Protein chains: 2
Amino acid sequence: MDRPKYLQIKQSILEDIADKEPNTPIASEREISSLLGASRMTVRKAIEELCGDGVLYRDGNKGTFVADEKMHKNTKPIILDDVSDQSTFKILYFDIKSDGEEDVLKNLEMTHSEYFLRLVRLVKTQGKPICVEEIFVPRKNISDEQLGQLSKFLDLDHLIATVRTKQIFVPILVPTQYATLLKLKIGTPIIRIDNLLYEQNGEPHIFIKSYYNPTLKVIEIST
Amino acid sequence: MDRPKYLQIKQSILEDIADKEPNTPIASEREISSLLGASRMTVRKAIEELCGDGVLYRDGNKGTFVADEKMHKNTKPIILDDVSDQSTFKILYFDIKSDGEEDVLKNLEMTHSEYFLRLVRLVKTQGKPICVEEIFVPRKNISDEQLGQLSKFLDLDHLIATVRTKQIFVPILVPTQYATLLKLKIGTPIIRIDNLLYEQNGEPHIFIKSYYNPTLKVIEIST
DNA sequence: CAGTGGTCTAGACCACTTG
DNA sequence: AAGTGGTCTAGACCACTGA
């Protein structure tokens with residue numbers, strides 16, 4: 001089982017409804033299941049997740065329909081999801097040290113002597129420099145194995161789904177060391193988003209400072 | 001089938017963990033299923049909903065644990081609510097005209113010839129200048145009566161609860177005409193939030209540009 | 001009436017973690 | 001090796017909607 005079948009089914013459904021109008025019915029669970037050679041429970045799982053994603057909606061015993069994406073409630077963390085979607089990452093800097101900046105230590109509830117991973121990377125989407133991310137992780141939150149598989153560890157997609165987040169929006173002038181990377185002039189006002197991701201047990205897990213290029217990435221929230 | 005069995009299982013689990021500390025493991029799916037005489041899939045459904053509710057969390061193949069409920073934070077909308085909470089408003093400017101700025105017209109889906117209300121006000125909380133709001137409302141969205149009761153009309157609290165919103169975060173330098181009002185130096189980077197409030201039928205109702213004083217108002221979102 | 005989603009079962013294999 | 005959650009199957013019965 002390479003990719004779970006229900007994820008393949010999700011994708012298949014997404015492709016099916018790509019050009020459909022809102023409120024169009026999709027095929028029934030039984031149809032899809034025989035069409036794709038999967039059991040109905042598996043198809044249900046796929047559809048249920050799509051409902052959770054706001055892509056589809058159920059209507060009683062009438063059927064399942066394409067949702068109006070304009071109505072999407074965005075209770076999810078704002079930016080991080082679609083950044084890590086179709087983006088490439090270039091690591092600019094990477095080390096493990098102690099005694100970091102005050103705000104980092106405070107957010108991660110660390111002492112000056114504790115070690116942490118610091119990684120800076122440039123995020124590009126379609127070749128455009130969307131943002132620079134400074135990522136801070138307490139060393140104790142990373143296994144040795146994960147350290148060798150950092151790119152996997154830093155694929156935040158799977159985290160985002162389950163994790164609680166706090167995001168603070170900070171207006172700043174683009175840091176000089178990132179201006180060229182983001183193709184911005186010195187002195188350009190930008191928004192830095194400080195993302196704190198928590199474990200389910202309530203402890204801070206990862207702290208990320210994201211420096212967004214405002215001309216390439218509109219920061220937007222809908223309810 | 002009176003009450004679905006998985007709901008009964010949810011309740012049973014909730015009772016079980018009522019007095020348990022966060023991060024305590026619960027019984028395994030197989031245990032619960034034989035204990036309560038249900039199939040494992042049914043138990044899974046119950047547990048998965050409890051995870052979705054934030055009551056439990058999974059940890060890899062180790063087990064399922066009681067979550068830290070302190071992490072249940074406000075999934076509430078945005079900034080506007082607590083602004084209009086204990087704030088005072090001072091109207092700085094107010095007129096009705098046509099032919100506004102492009103972005104305003106576009107957001108409100110108006111033509112150049114349509115009239116709209118434009119109102120600028122300073123928002124203070126505990127005497128501190130939190131933000132300047134530029135409010136735009138198509139004239140056709142305001143009755144003559146409301147026009148005489150503008151303060152009531154602009155008490156956005158009631159609106160916010162029921163209305164759908166879109167917010168865009170724009171990094172700018174504080175506009176010179178607002179710098180003094182917000183007690184900021186010329187050239188200070190700030191965040192402007194463009195708020196578009198929609199009617200229930202999906203049409204844009206009010207457009208508000210909020211210029212926040214970043215030293216007095218931290219813009220923060222939790223999930 | 002035939003079709004839909006909602007629920008449920010009793011198995012199964014897998015990858016992973018832990019003693 | 002034993003236990004865990006993750007996935008999956010091939011059936012089943014129910015309540016409900018619509019023609």
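Since the model is a prediction, treat every value here as computed from it, not as a measurement.
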Given dG5(C), dC8(C), dG6(D), the nucleotide with the shortest approach to the side chain of Glu48(B):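 The closest nucleotide is dG6(D).
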
Nucleotide nearest Asn61(B) when distance is taken to its side chain, options dT7(C), dC8(D), dT17(C): dT17(C)

Angle class for the Phe136(A)/Phe116(A) ring planes (parallel below 30°, perpendicular above 60°, tilted otherwise)? tilted

Check: Leu216(A) main-chain N/O paired with Asn213(A) side-chain donor or acceptor under 3.5 Å: yes

Would you find a donor on one side and an acceptor on the other, under 3.5 Å apart, between the side chain of Lys5(B) and the backbone of Gly37(B)?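 Pair found, side chain donor or acceptor close to backbone of Gly37(B).
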
Side chain to side chain donor-acceptor pair (under 3.5 Å) partners of [X], counting only residues at least two apart:
X         : answer
Asp16(B)  : none
Ser39(A)  : Thr42(A)
Glu21(B)  : none
Arg118(A) : none

How long is the gap from OH on Tyr212(A) to CD1 on Ile190(A), to the nearest 0.5 Å?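 With rounding to 0.5 Å, OH (Tyr212(A)) is 11.0 Å from CD1 (Ile190(A)).
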
Base-paired stems that DNA chain C participates in, counting runs of 3 or more Watson-Crick or G-U pairs under 3.5 Å: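 As far as DNA chain C goes, consecutive pairing (with distances under 3.5 Å) yields the stems C:3-18 with D:1-16.
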
Nearest-Å distance for atom pair [atom1]/[atom2], residues [X] and [N]:
X        : N       : atom1 : atom2 : answer
Phe65(A) : dG3(C)  : CZ    : P     : 17 Å
Glu29(B) : dT17(C) : CD    : C1'   : 15 Å
Leu56(B) : dG5(D)  : CG    : C1'   : 13 Å
Tyr6(B)  : dT9(C)  : OH    : P     : 13 Å
Ile26(B) : dG3(D)  : CD1   : P     : 18 Å
Lys5(A)  : dA12(C) : NZ    : C1'   : 14 Å
Asp59(A) : dG3(C)  : CG    : C1'   : 15 Å
Ile32(A) : dG5(C)  : CD1   : C1'   : 12 Å

Determine: side-chain N/O of [X] to OP1/OP2 of [N], distance under 4.0 Å, yes or no.
X        : N      : answer
Ser28(A) : dG3(C) : no
Lys45(B) : dG6(C) : no
Thr42(A) : dC8(D) : no
Lys62(B) : dG3(D) : no

Of all of residues 34-41 of chain B, which get a heavy atom below 4.0 angstrom from DNA chain C, listed by number? Gly37(B), Ala38(B), Ser39(B), Arg40(B), Met41(B)

Determine whether any donor atom in the side chain of Arg30(A) lies under 3.5 Å from an acceptor atom in the base of dG3(C), or the reverse, and answer yes or no. no

Among Lys209(B), Gln167(B), Glu133(B), which residue satisfies the side-chain contact (heavy atoms from CB on, under 4.5 Å) criterion with Asn195(B)? Gln167(B)

Decide whether Thr64(B) and Arg58(B) meet the rule of one side-chain donor and one side-chain acceptor closer than 3.5 Å.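 Yes, because at least one side-chain N or O of Thr64(B) sits under 3.5 Å from a partner of the opposite role on Arg58(B).
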
On DNA chain D, compare the nucleotides closest to Arg44(B) and Glu31(B); which residue's is nearer the 5' end? Glu31(B)

